[in-house]
Amino acid sequence: MKDKIDSDLNRKFIRLIEQKTGLRIREQSQDDLQSAILTRRKALKLQSPQAYYQLLAAPTSDSASEWQKLIPSLTNLESHFFRDQGQFQLLRDKIFPELIQRNRGHKTLRICSAGCSTGEEPYSLAITLRELIRDWENWDITILGVDINPMALEKAKAGVYGQWSFRRVEPYIQRHYFQTSGDKFHLSPLIRDLVRFRQVNLYRDSFPTETSPLQAMDLIVCRNVFIYFDPKVVAQILNKFYQVLKPEGYLLTGHAELSGLDLSQFKAQVFPESLIYQRPMQSSSAAVTAKIIPQPVYTPAFTPTPIPPPQQPPQPVAKKVSSPLSKPKTAKKQDVKTLLIAAETAYGQKNYDEAIHQLQTLLKDDSRNFSAHHLLAQIYANVGQYAEAKQCCQEALTIQEFAIAPYYILAKIAEEEDDLEQAKQLYKRIIYLDQNSFTAYLELSHIYHLQGDQTRREKMKASAIKLLQRSPKEQKIPELNNITVAEVLEEMAI
Ligand SMILES: C[S@@+](CC[C@H](N)C(=O)[O-])C[C@H]1O[C@@H](n2cnc3c(N)ncnc32)[C@H](O)[C@@H]1O
């Protein structure tokens, strides 16, 4: 049958796509990939999927133009305006004012949204800056949106959006910066003209080069892009970003997107809203190395805030009489341990499909394994499968009713889903369970700030600081890239 894609050919397609784009095709996306391949084969009237593979693999201009047609079906364009309010707040309140102050002499600013999709992110950056800089016309401001997907860039340039793109946006933004036409919202030229778009393949294209627009950036925002790449690909892109940033320039990624990478060449700055990375003033001559480092299992989903390890399940009282069944039981326990280690390793390498596979196998033997349910929840949360993540958290909580880690994941999902009241309840529950949880106080402080309740915000912040001050100053917090307690306190004093 000419449309059959056997597993060998399927693997070749997946490898080729990764080589050309950096994108890793996950198991759950393989059906979509196959149907995209078959659609393109038919459109081109090629004899077989193998012939289509040969076309894509050939170093020809036909191949290059075919990639332009295939790429849109490989990329996830999910985006909306002011996605992640906390990070935008951090930009508005701290990072942009600092950059404006720093650059006030020459009045230039260079910002890049890398993996900008259909433009919501760079336009949100433009609106934020426009509201901060009063004498806009005296400044030379570059806001650059880059993406691999040519169709996304066309949509971005048009600046026309449906209501869905505004799902978490204050209504005044829509009123002020958009004109309604039917069910569409047209971005005002005032903002649209501030952003330039370019097609860039972050993985394969070289930058900075003389001709690349990606150079001398004050800030690179690259969010919800690295989750689609292998850590080695992320490391390569980070090396390039490092070179593209000006000394003291900032890199903002999605929460926890860089976990498992050694980013020691960057300076990590921790704020209640988010971690942000900075190229230090004094760069070392060596290129940044982003080595993969082993991650602890109990890192939180989404945010780089520390989570205490879950409580140990109550130890069953050992039976005195050994039964003939005890041996196989021990062997099973050993398998469970091995599977959990394999899952943790795969998770550390961001090989989520493999980690899920190991955990599901483990749960067939040991369906009440808290760690497996918790790690599954974390993986699902990291890749945005919130319904599955919540389900796994609930499972974990039926096993360890008083564990804290699943509540953190549930709280972060509630925040992502804009259910701040639910998030607050969950953080309060964490504090009820563990009064020393300074991260829960920090998160609550952040939510109160978003809600304009400054009194409660200060109260929560003060509690967090009090708890941090009781911890050893040199204690490293692995979930915060090994920043010490002292450093966190220093950042909070700003
Ligand atoms: C989920 S969207 C993120 C959009 C936006 N940054 C946000 O957070 O709302 C991911 C984007 O990364 C882009 N992308 C994927 N691989 C890329 C590559 N190798 N180079 C540039 N962009 C890439 C996709 O085309 C897609 O638009």
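Model, not experiment: these values are computed from the prediction. Each ligand, and each atom within it, is numbered from 1 in the order the structure gives.
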At what distance is the nearest protein heavy atom to [atom], and which residue and atom is it?
atom	result
atom 7 (C) of ligand 1	R83 NH1, 3.3 Å
atom 27 (O) of ligand 1	D147 OD2, 2.6 Å
atom 20 (N) of ligand 1	L202 N, 2.9 Å
atom 2 (S) of ligand 1	N76 O, 3.2 Å

Q: Tell me yes or no: between the side chains of N103 and T108, is some donor less than 3.5 Å from an acceptor?
A: no
**Q.** Between Q378 and Y352, a side-chain donor and acceptor under 3.5 Å
**A.** no
Within 45 degrees of the ring normal and closer than 6.0 Å to the centroid, is that where the cationic atom of [X] sits relative to [Y]?
X	Y	value
K94	F271	no
R41	Y52	no
K157	F197	no

Any nitrogen or oxygen of [X], main chain or side chain, under 3.5 Å from a nitrogen or oxygen of ligand 1?
X	result
L77	no
H80	no
V146	no
G115	yes

(Q) So for atom CD, which belongs to Q199, do other residues, nucleotides or ligands contribute more than 12 heavy atoms lying within a distance under 6.0 Å? (A) yes
(Q) Quick check on Q179: does its CD atom have over 12 non-hydrogen neighbours (other residues, nucleotides or ligands) under 6.0 Å away? (A) no
If you take the nearest heavy atom of each of [options], which one is closest to [atom]?
atom	options	value
atom 16 (N) of ligand 1	Y228, F229, Y203	F229
atom 15 (C) of ligand 1	T21, I71, L23	L23
atom 22 (N) of ligand 1	V233, V225, I148, N224	I148

